[in-house]
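Note sheet for the following structure.
As the structure is a computational prediction, the values presented were derived from the model and not from experiment. In what follows, residues are counted from 1 in the order of the sequence shown.
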Amino acid sequence: MPVKVVLIIDKRKEQSTKYKRILENNDISVFIAADFAQALNLMNTLEPDLILISDSLDFDIKKAVEQIRVLTYNTRPAVVALSKSNHIQDKIDILDAGADDFLSEPINSEEFKARVTAHIRRNFENCFSEKTMLFNSKISYKMIRRVININSQWAIMLIDIDNLEFYREIYGELAADKLLQTYSAIIKSAIDTGDYIGQLSDNDFTVITNNEEKAEKIANYLVYAFDTVVSKFYSQTDANRGFMFLHGDDEAEDKVNLVSTSIGVISNKYKKYNDLKQVISSLISTQKLAKYKTGSMYVIERPEISADNAVEKQKYNNNILIAEPDEALSLLLEATARLQGYNVKVVNEFDEIMSAIEEYSPAVIILDAGNSKTLKGLEVCRKLKFETKNLKSNIIFTTTVHNKEMVLNAGADLYLPKPYELSVIFGWIKKFNENYNG
C-alpha cells in the first residue's frame with residue numbers, strides 16, 4: 001500500500017508515462033491526468049503529496065498553479081512545474097504563482113527523481129510522532145480518505161491502550177512513553193510492507209490493510225502479544241494484584257485496571273463507506289464495544305441480521321439493592337434513591353442478599369462490610385463476584401475498615417470508606433448504572 005501519491009498533469013502520453021515509470025515504486029503511487037478538469041477530480045479524490053504540472057496543457061500554467069494552491073489549501077501538496085522554457089522570468093512568474101520548483105525540460109532522469117523525492121520527503125518530515133516515529137493524524141486521515149476512494153478491498157483498525165492515563169499518573173511520563181513505543185514496535189512486527197501504520201492521536205494507532213480476514217489475524221496477534229508483555233511494565237505487587245491504586249485508603253476509589261488494548265476493525269466487505277466521517281464514527285463505535293469488557297479485546301464490525309421481533313431489546317435496569325445493617329442509614333439511602341428515580345430493595349441481613357439478587361437483578365449493589373471483627377460483607381462480596389455465574393451487578397462496598405486492597409481484592413467495583421457524603425455515593429451509583437446499561 002503506497003504511502004505517497006504523485007499526480008502528473010500532462011497531456012503528452014509518452015512523456016507522462018516515462019515520468020511515471022521513473023517515480024513509481026513500492027512507496028510511491030503515480031497517477032496521470034491528461035487535462036486540468038480530470039486533474040481537479042483526482043486532486044479531490046487522492047489528496048496527492050506532490051503535483052507535477054506541465055506547460056503542455058491547453059491552459060495557462062501560471063493560472064493552473066494558482067488554482068491548485070487555492071483548491072489544495074488544506075492538504076498543501078508540493079507543486080513542481082515542468083516547462084520547455086529556460087527563461088528566468090518564466091521561472092520567477094510560476095514560482096510566484098505558488099509552485100515549489102521549476103524544472104526545465106529535458107531533464108536528466110536521475111536528477112528528476114532526486115528532486116521530486118526530495119520535495120516529497122520534506123512534505124513528510126514534520127508529520128511524525130516524536131514518541132513512536134509513526135506518521136501522525138494528518139497523514140493517517142489522508143491515508144484513510146485515499147483508501148476508501150481508491151481501494152476495492154480494505155480493512156481499517158483503531159487500536160488503543162486502555163487506562164494509559166491512569167498508568168501515566170502512577171508510573172510517570174517516561175514509563176508511559178516506553179509502553180507506547182513498545183506497543184508500536186509490536187504493531188509494526190505484525191503488519192506487512194504493504195500495510196499502513198500511523199497514529200490518530202497520541203494514544204491511538206491505526207492500521208490499514210487489504211481485507212477483513214487479514215485484519216482479524218493482526219488483531220488476534222496484538223491482543224496476545226500485548227497481554228504477554230504488559231506485566232513487565234508494572235511493579236510485582238501491581239502485576240500480581242491485577243489492578244492499581246491512585247489514592248490512599250481514606251478516599252473512595254473504583255478499581256483502576258491494568259492497561260489493556262482495545263481494537264475496533266471495520267472493512268468494506270459488507271458495507272460501503274463514502275467519507276472519512278463515516279469511517280471514523282464506525283471505528284469508534286466498534287472499538288467501544290471492545291472496551292466494554294475488562295481486559296484486551298478486539299471487535300470486528302459485522303453485518304446486522306435482523307427480523308421483526310427477532311430480538312427483544314434489553315430494558316433499562318434502574319434497580320438498586322441496598323445491603324446495609326444500619327437501619328437508619330439504609331432508610332436514608334432508600335429515600336434518596338427513590339427521589340432520584342431508582343427502584344430500590346433493602347435488606348438488613350447478609351443471609352437475604354443472594355435471594356434478593358435472584359429476585360431483583362439489581363444493576364448496582366450497595367454492600368456494607370458489616371461487623372469490623374467478622375467482615376461478613378467481604379465474604380458475601382467474594383461469593384458474588386467469584387462464585388455467582390452471570391452476575392453483572394456493580395458492587396459499591398462501604399466500610400469503616402479502611403483497607404482498600406482487601407476490599408478490592410474481594411471483587412468490589414468500588415471501595416467507599418465511611419463516613420461518606422450522599423452526593424458522593426449517588427455520583428458513583430449513577431456512573432455504575434450507566435455502565436451496566438451500556
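- Counting heavy atoms from C-beta on, the side chains of Ile53 and Asp10 never come closer than 4.5 Å.
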* Under the ring-ring contact (aromatic ring centres under 6.0 Å, His included) criterion, do Phe128 and Phe135 qualify, and how do the steps go? -> CA-CA 4 Å; Phe128 286 96; Phe135 287 121; 4.8 Å; yes

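- Each of Lys138, Arg146, Arg122, Arg76 was checked for a salt bridge (Lys or Arg N to Asp or Glu O under 4.0 Å) with Asp49, and the lone residue meeting it is Arg146.
- Side-chain contact annotation: Ser296 with Tyr224, donor-acceptor N/O pair under 3.5 Å absent.
- With hydrogens and angles left out, the side-chain atoms of Asn319 and Asn343 include a donor and acceptor closer than 3.5 Å.
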* To do: With salt bridge (charged side-chain N to carboxylate O under 4.0 Å, His left out) as the test, would you mind laying out the steps for Lys383 and Glu379 before giving the verdict?
  => CA-CA 6 Å; Lys383 187 173 182 180; Glu379 181 185 330; over 6 Å; no

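- For Asn240 and Tyr234, the side-chain atoms include no donor-acceptor pair closer than 3.5 Å.
- Taking the ring centre of Phe243 as origin, the terminal cationic atom of Arg241 falls inside the region bounded by 6.0 Å and 45° from the ring axis.
- Residues Met297 and Ser262 form no side-chain contact, since every pair of their non-hydrogen atoms from C-beta on lies 4.5 Å or further apart.
- Taking the centre of each ring, Phe226 and Tyr183 come in below the 6.0 Å mark.
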* Go through the steps for Ile68 and Ile9 under the test side-chain contact (heavy atoms from CB on, under 4.5 Å), then give the verdict. => CA-CA 11 Å; Ile68 288 170; Ile9 311 172; 4.1 Å; yes

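- Remark: the Thr132 side chain and the Gln199 side chain contain an N/O donor-acceptor pair separated by less than 3.5 Å.
- In this structure, CD in Glu324 is found 10.5 Å from CG in Leu332, a value given to the nearest 0.5 Å.
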* For the pair Tyr141 and Leu276, evaluate side-chain contact (heavy atoms from CB on, under 4.5 Å) and give the outcome as yes or no after the intermediate values. => CA-CA 8 Å; Tyr141 285 130; Leu276 177 67; 3.9 Å; yes

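- Residues Asn257 and Phe166 have side chains not in contact (no heavy-atom distance under 4.5 Å, counting atoms from C-beta outward).
- Separation of atoms CD (Glu387) and CE (Met354) is listed at 8.5 Å; rounding is to 0.5 Å.
- Under a cut-off of 6.0 angstrom, the local environment of CZ in Phe386 is crowded, with over 12 non-hydrogen atoms contributed by other residues, nucleotides or ligands.
- Between Tyr298 and Leu222, the closest side-chain pair of non-hydrogen atoms is not below 4.5 Å.
- Of the charged side-chain nitrogens involved, none lies within less than 4.0 Å of a carboxylate oxygen, so that Asp326 and Lys418 do not count as a salt-bridged pair.
- Contact annotation: the side chain of Ile144 approaches that of Ile208 to within less than 4.5 Å [non-hydrogen atoms, C-beta and beyond].
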* **Trace of the side-chain contact (heavy atoms from CB on, under 4.5 Å) decision for Ile159 with Gln287** => CA-CA 8 Å; Ile159 305 165; Gln287 191 195 56; 5.6 Å; no

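- Residues Tyr420 and Thr398 have side chains that never bring a donor and an acceptor to within less than 3.5 angstrom of each other.
- Around atom CD of Glu327, no more than 12 heavy atoms belonging to other residues, nucleotides or ligands sit under 6.0 Å away.
- Val364 is not listed as a side-chain neighbour of Tyr342, based on a closest heavy-atom distance of 4.5 Å or more.
- Judged by the 6.0 Å distance and 45° axis criteria, Lys4 is positioned over the aromatic ring of Phe124.
- Glu125 CD: more than 12 foreign heavy atoms inside a 6.0 Å radius.
- Between Tyr273 and Trp154, a ring centre-to-centre spacing shorter than 6.0 Å is recorded.
- Between Ile186 and Val229, some side-chain heavy-atom pair lies under the 4.5 Å cut-off.
- Looking at Asn394 and Lys431, their side chains never come closer than 4.5 Å, going by heavy atoms from C-beta outward.
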